[in-house]
Amino acid sequence: MKFLNPEVVFDGVIQIDGSITAANHAVTKTYLESNSVVAIHSDSSQYAEIVTDGGKQKLKIKPLTIGRTLVDTTQTSFANWLSANYSNGNEYQESDIIILTNISGSTRPDSFIHNGGSAGSAADWTEIQGADVQASEVRGFLSGSAGVNYDANTGAITADQSEIRGFFSAGSGLSFSGGAFSLNASTDLVNEGSNLYYTDARSRSALSVADTSEVDMSYNSGTGEFSAALKDGSVANARLANSAITIAGASTALGGSITAAAILGASDTDSLPEGSSKLYYTDARVRAALTAVDTTEIDMTLDASSGNFKADLKNGSVANARLVNSAISIAGASTALGGSITAAAILGAGDSGDLPEGSNQYFTQARSRGSVQAHSGADNLLEYSSGSGDIKVSLNKLRKDFASQSLTAGTFATLNHALGKQLVHVSAMDSSGNLVQLEIQYQDANNVKVKANSNVSVDIAVSL
């Protein structure tokens, strides 16, 4: 059996009864104390210590002398000093100090102390850090320039506006005063490009005239003056505001003619004045002579301005006798509008028991049970009886028990569970009800093998 968990935590004591013979066997406390150095005796604690190196506990002898201090005034970097003085890892020992006073670009000496390493590189040394750089030291490296003022006491940097303004000047069409530019230009300072400026000559040369059938047009391109004159005999009646005259009630267009008989006599009523008793017909006279009268069923209205009559049925005024059809037949019973009929009269029955079954079928237990079935898939564990309507999942489809299994030490026993799945859960307990961990091999969908490290009798359960 293999535990492939990234981490296994046992909240209790793990006891090993077997012999420790292989390199990957776990060891006991007794074995470790008998075969390993686990501590430094108190008499030697000032000379030796146990350290972890490469994941292993190792014995280390402490430096027995006072560390040396060396001052180097020639090397310009720590790397140069290492190259010239330290490569094997044993030239110096823990607590030795190196002070380099000639480091390039530094006004302070750099100091390093040996940390006990033996790599023969910079990893064996730890730099001794000095105090932080003071603000006054930083300010001493800065200065001002043209247009920029610098206060070395406070570190403040400000702009000198008067000097900056002196860097600027104004060109044609611009003026500069008090640090501000202003525009002092017009189109007179801008040369003409493809977008041309206006001139009278350019405008006049771009125009021309054309005559029509009624008007003669003329144009003087030198002065820009236009003139127009109507042509003789060119204006038709349609162009006139008044193109006819009325004579004795007869309109005669310009260019037309009228006879003397037409002027002096009359050929229809249009030429006769109306008398006082025999009046001419007008829509207004007819409309004024008419009125609208309501009835009990109809509201009548007359619009005197248009002569339109309108009739509307009054709400609730039409009796059943006025209707072509004033009743409906429900389940063979005639019911007049405004009457009533009961549900029993419509159905001809007091409840559904008196009604024959149609395409909408009534409920029965047999119909309900017959409409339900268990899924036909191979993985379905549910059983269903359409005769009784019972639904169940049998325990033997989920779990198989193997009581009092006598296991021989180091020998696999095959259990035929017939659950249909290769990956199943296997549990075992002894006669006292304690959990027993067994080595398990999953054979196939119906069989599993179990093995114990010693002879034991256990109860085993295999489940999905």
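What's counted below: heavy atoms across the whole structure, side chains too, no hydrogens, waters or symmetry copies.
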* Asked: Near Asn325 CG, under 6.0 Å, is it more than 12 heavy atoms from other residues, nucleotides or ligands?
  -> no

* Asked: Residues in side chain to side chain contact (heavy atoms under 4.5 Å, CB included) with Ser368, at least two apart?
  -> Phe363

* Measure across Gln361 and Arg367 and return the closest heavy-atom pair with its distance rounded to 0.1 Å. => CB-NH1, 3.1 Å

* Asked: Taking side chain as C-beta onward, heavy atoms only, is Glu214 less than 4.5 Å from Arg239?
  -> yes

* Asked: Taking the inter-plane angle between the rings of Trp125 and Tyr86 on a 0 to 90° scale, is it parallel (under 30°), tilted (30 to 60°) or perpendicular (over 60°)?
  -> perpendicular

* When you measure from the side chain of Ser83 to the backbone N and O of Ala79, does any donor-acceptor pair fall under 3.5 Å? -> no

* Asked: Going by distance alone, is a donor N or O of one side chain under 3.5 Å from an acceptor N or O of the other, for Asn447 and Asn416?
  -> yes

* Asked: Just one of Asp401, Ile440, Leu419 clears the side-chain contact (heavy atoms from CB on, under 4.5 Å) bar with Val462, so which one?
  -> Leu419

* Asked: Between atom CG of Asp53 and atom NZ of Lys58, what is the distance when rounded to the nearest 0.5 Å?
  -> 3.5 Å

* Is it the case that more than 12 heavy atoms not belonging to Asp294 sit under 6.0 Å from its CG atom? -> yes

* **Over all atoms of both residues, closest heavy-atom pair of Gly117 and Asn115** => N-OD1, 3.0 Å

* Taking side chain as C-beta onward, heavy atoms only, is Ser404 less than 4.5 Å from Asp459? -> yes

* Answer whether the closest heavy-atom distance between the side chains of Thr52 and Lys56 falls below 4.5 Å. => no

* **Passing option when Tyr92 is tested against Leu70, Ile113, Ile97 for side-chain contact (heavy atoms from CB on, under 4.5 Å)** => Leu70

* **Closest contact, heavy atoms only, Ser317 versus Thr296** => CB-O, 3.5 Å

* Check side-chain hydrogen bond (donor to acceptor under 3.5 Å, both in side chains) between Ser340 and all other residues, then give those that pass, not counting sequence neighbours. => none

* Side-chain (Gln373) to main-chain (Gly370) donor-acceptor, under 3.5 angstrom -> no

* Any side-chain heavy atom of Leu415 within less than 4.5 Å of one from Val450? -> yes

* Tell me yes or no: between the side chains of Asn80 and Ser77, is some donor less than 3.5 Å from an acceptor? => yes

* To the nearest 0.5 angstrom, please state how far the OG1 atom of Thr126 sits from the CZ atom of Phe112. => 9.5 Å

* How close do Met217 and Ala228 get, heavy atom to heavy atom, and via which atoms? -> SD-CB, 3.5 Å

* To do: Look up atom OG in Ser111 and atom CD1 in Ile99, then write down how far apart they are to the nearest 0.5 Å.
  => 4.5 Å

* **Residues Lys314 and Asp312 bridged, charged N to O under 4.0 Å** => no

* So, do Gln443 and Val448 sit near enough that their side-chain heavy atoms are less than 4.5 Å apart? -> no

* Indicate yes or no: at least one non-hydrogen side-chain atom of Leu196 is less than 4.5 angstrom from one of Arg202. => yes

* To do: Could you check Asn455, Leu438, Val436 and say which one makes a side-chain contact (heavy atoms from CB on, under 4.5 Å) with Leu407?
  => Leu438

* Asked: From Asp96 CG over to Thr69 OG1, what is the distance, rounded to the nearest 0.5 angstrom?
  -> 8.0 Å

* Pairing of Lys449 and Glu439 as salt bridge, 4.0 angstrom limit -> no

* For Ala84 against Gln75, the heavy-atom pair lying closest together -> CB-NE2, 4.0 Å

* **Side chains of Asp72 and Thr74, donor plus acceptor under 3.5 Å** => yes

* Give a yes or no on this: more than 12 heavy atoms of other residues, nucleotides or ligands lie within 6.0 Å of atom CG of Asp444. => yes

* Asked: Any side-chain heavy atom of Ser203 sitting closer than 4.5 Å to one from Tyr198?
  -> yes

* Asked: With sequence neighbours excluded, what pairs up with Ser388 under the side-chain hydrogen bond (donor to acceptor under 3.5 Å, both in side chains) test?
  -> Ser385, Asp390

* Test item: Asp124 side-chain N/O and Ala119 main-chain N/O as donor-acceptor pair under 3.5 Å -> yes

* Mind checking the CG-CD1 spacing from Asn149 to Ile157? Nearest 0.5 Å is all I need. => 10.5 Å

* Asked: Val209 and Tyr219: which non-hydrogen atoms are nearest, and at how many Å?
  -> CG1-CB, 3.5 Å

* Asked: Is there a side-chain contact between His425 and Leu464, using heavy atoms and a 4.5 Å cut-off?
  -> no

